[in-house]
Amino acid sequence: MKKYLKATLLGSALAVSAAVVSASADTIKIGFNVPLTGFAAADGQSALHGAELAVSQVNGSGGVNGSMLELVVYDDQASPKESGPLAVKMISKDNVVAGISGSYSGATRAAATIFAESKVPYISAYAIHPDITRAGDYVFRTSFMGEVQGRAGAKLIGEMLGKKRVVMVTLNNDFGKSLAAGFREQAGNFGVEIVAEYDYSIKDREFGPIISKIKADKPDAIYASGYFFTAGPMVSQIRAAGLSQPIVGQEGYDSQKFIEIAGRASEGVMITTSLDRDSSSPETQAFISGFAKKAGYPADMVAASGHTALLVLADSLKRAGSSDASALRDAISKTNLSASTGKISFNALGEVQKDVQVQIVKNGNWHHHSVISDAVLLAPPSK
Amino acid sequence: MLFVDLCIQGVIQGAIYALIALGLTLVYGLLRILHVAHAALFTLGGYIGVLVTNGSGSFLLALMTAMLVVGVVGMSSYTIIYKPLLNRTPLIALIASIGIFIASEELFRIFFGAYGLSYVSPPLQVQIEILPGISLSQARVLVVILAVGLLSGVGWLAINTRMGIAARATVVDPQIAASSGVNVEIIRYGSFFIGSAFAGAAGVMVSLLNNLVEPTMGSVPSYKALAIIVLGGLGSVRGALIASLALGIIESFGTIYVGHLLDRDSIAFAFLIMVLMVRPQGLLARG
């Protein structure tokens, strides 16, 4: 026994000195697939900054149970073709204790299936497709599902803003479609009449025809799904065409870049999201200031989501006391953590249950508008 | 009213397509090469437009710079990529072109960042009432004016100058043209310059309409412009211009009335297939 102890001590001493060279001998490896090239590279970069910030915060305060965290980062180009093989590589070659997706739904779904089959925990930071957590009980999501946010949008427009005739402009991918489904499901309950719905593709930046038609539709409000790089041009073109109805978007808009693209047209645009920039919570404030310092640009939802997912994992590793996959999985499922995107806990399916933040653009910045905390309305599916 | 409005939106989109498609048609006519990397020049134009406008405050200067620089880059793409491959099969040049295009997207991202760039204070945003009840921003009006002006300028040159006649002769038969004393190389460089400069102008205008230039801005034009020149009849300049306008208008109406079934690209390609079923040689095939 004594001999064994000596050997381990010697071993760990060696490991510490080896760590200076290789930095990987005594660390807990966490896989991170994220788009760093291709069309989603901007979001990927933000998510990575967020996750790296979380790693440095955790390591700066002593790591997890004495070990440092190490991110194993792979560029998945937001493509399932890439993320599938990368998931295999992370699990079998890098021996990660868990994986995090800082990517979009397509890539996340492909990787989630492989993590679930290999029984290695996997957290989706901001991908919204409903099937991700259904891949198996090792998969979790720390952000809202599209449907949940769509329902919140219906409440915001119909009840809180009191607008009844709504035109929907829907991005025709899983993000836009699931938002639209949630919105449509609840529209009637809040007295919202959907006058028309127009679809567009993620490649579109030119909305002239749709805007001409909206002009003729004369709605009270516009519910438009998209990402900052589609919503920025869309909002600026809507206002340039002289339409002044309220525009409600979602977390896809949630970036300073949206305001930069849409310029003055962005004033008054509202979104449902998970990051409240005016929050008094110390976790959120520490994240916002830490992120701006690290990345050199203001924090956004994607960054906060990457940050949150990593902190959830670090917190679970601490509580599990080991990196054993099933212990870690159980620890994640019992999470109750205050993070940059709010209070995180999971339901039986691994979906997060938290309040929806409504943000509004005022004087060129995102600000707090209101919070939607209707647990019944916002309940994610549990199976 | 909506009908007129949608037609106008279609014409604006068609004008952009036409500016991009001209260069592609010229290159195909002269070299029989599908110049996919042309779309990278379009993106480059957008970046120059934003950077020069933000730096100098003059949009006109930005537009001129973009056309000049992109024109020169276009000419050097002929020297560097296509010229060494001319006596190989056109397939090799096509693959090289695709490779350059893909690499360019990542180069733009490395140099200018993944988030893309925007105008700090976008110029030409004042609304002009062009018809009773229909107003457009100055930027949108300028797109059409620019396209009509530049394209008719080239048309005039092609018909009325010795250079233009020589260029058309080279397209019809490069060997006969060369033996009649036409300097084929100068024609090629000239065509690359004009075609690229126009794509650069289109890039500037699109960057202004969207107030965004991003590394992947050229991805749609890279294949859409190919569809346009096929639709027009490969190598036919007039055909490409008509196809651009037709596609702009079809997409404009299609987005509204069949947009929930087909996205903008699918509408364009469905139209392409329908036309090719009736006229396999395209709208205006060259003799």
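A, B, ... follow the sequence lines: proteins, then strands. Residue 1 opens every chain. What's counted below: heavy atoms across the whole structure, side chains too, no hydrogens, waters or symmetry copies.
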- Query: Roughly how far apart are Ser121(B) OG and Arg264(A) CZ, rounded to 0.5 Å?
  - Reply: 8.5 Å
- Side chain from CB out, backbone as N, CA, C, O: work out which of these in Phe108(B) comes under 4.5 Å of a heavy atom of chain A, or both, or neither. neither
- When rounded to the nearest 0.5 angstrom, what is the spacing between CD in Glu214(B) and CZ in Phe39(A)? 11.0 Å
- Query: Under a 4.5 Å cut-off applied to non-hydrogen side-chain atoms, are Tyr115(B) and Ser255(A) in contact?
  - Reply: yes
- Thr216(B) portion near chain A, given a 4.5 angstrom heavy-atom threshold: side chain
- Tell me, side chain or backbone of Ser137(B) under 4.5 Å from chain A's heavy atoms, or both, or neither? neither
- Item | Top contributor to chain B interface from Asp204(A), Asp43(A), Thr170(A) [non-hydrogen pairs under 4.5 Å] | Asp204(A)
- Item | Heavy-atom proximity to chain B below 4.5 Å, by part of Phe228(A) | side chain
- When only pairs under 4.5 Å are counted, which of Ile211(A), Asn172(A), Ile261(A) shares the most heavy-atom pairs with chain B? Ile261(A)
- What distance separates Gln9(B) CD from Ile210(A) CD1, expressed to the nearest 0.5 Å? 11.0 Å
- To the nearest 0.5 Å, how far apart are CD1 in Ile102(B) and OG1 in Thr37(A)? 11.5 Å
- For Ala41(A) and Arg109(B), work out which heavy atoms get closest and say how close. CB-CD, 3.6 Å
- At what distance, to the nearest 0.5 angstrom, does CD of Glu206(A) lie from OG1 of Thr255(B)? 9.5 Å
- Please name the pair of heavy atoms, one in Ser212(A) and one in Leu2(B), separated by the smallest distance, quoted to 0.1 Å. O-CD1, 3.5 Å
- Item | Minimum side-chain heavy-atom gap Gln237(A)-Arg140(B) below 4.5 Å | yes
- Ile8(B), Asp5(B), Leu209(B): which one forms the most heavy-atom pairs within less than 4.5 Å of chain A? Asp5(B)
- Item | 4.5 Å side-chain heavy-atom contact, Lys203(A) and Arg264(B) | no
- Region of Gln127(B) that comes under 4.5 Å of a non-hydrogen atom in chain A: side chain
- Among the options Leu6(B), Asp263(B), Asn211(B), Asn210(B), pick out the one with the most heavy-atom pairs lying under 4.5 Å from chain A. Asn210(B)
- Note on the structure: So, the part of Leu36(A) with a heavy atom under 4.5 Å from chain B: the answer is backbone
- Check whether any side-chain heavy atom of Lys257(A) sits under 4.5 Å from a side-chain heavy atom of Leu212(B), and report yes or no. yes
- Message: To the closest 0.5 Å, what do you measure between CD1 (Ile256(B)) and CG (Asp217(A))?
- Response: 8.5 Å
- Message: At a 4.5 Å cut-off on heavy atoms, which part of Leu117(B) comes close to chain A: side chain, backbone, both, or neither?
- Response: backbone
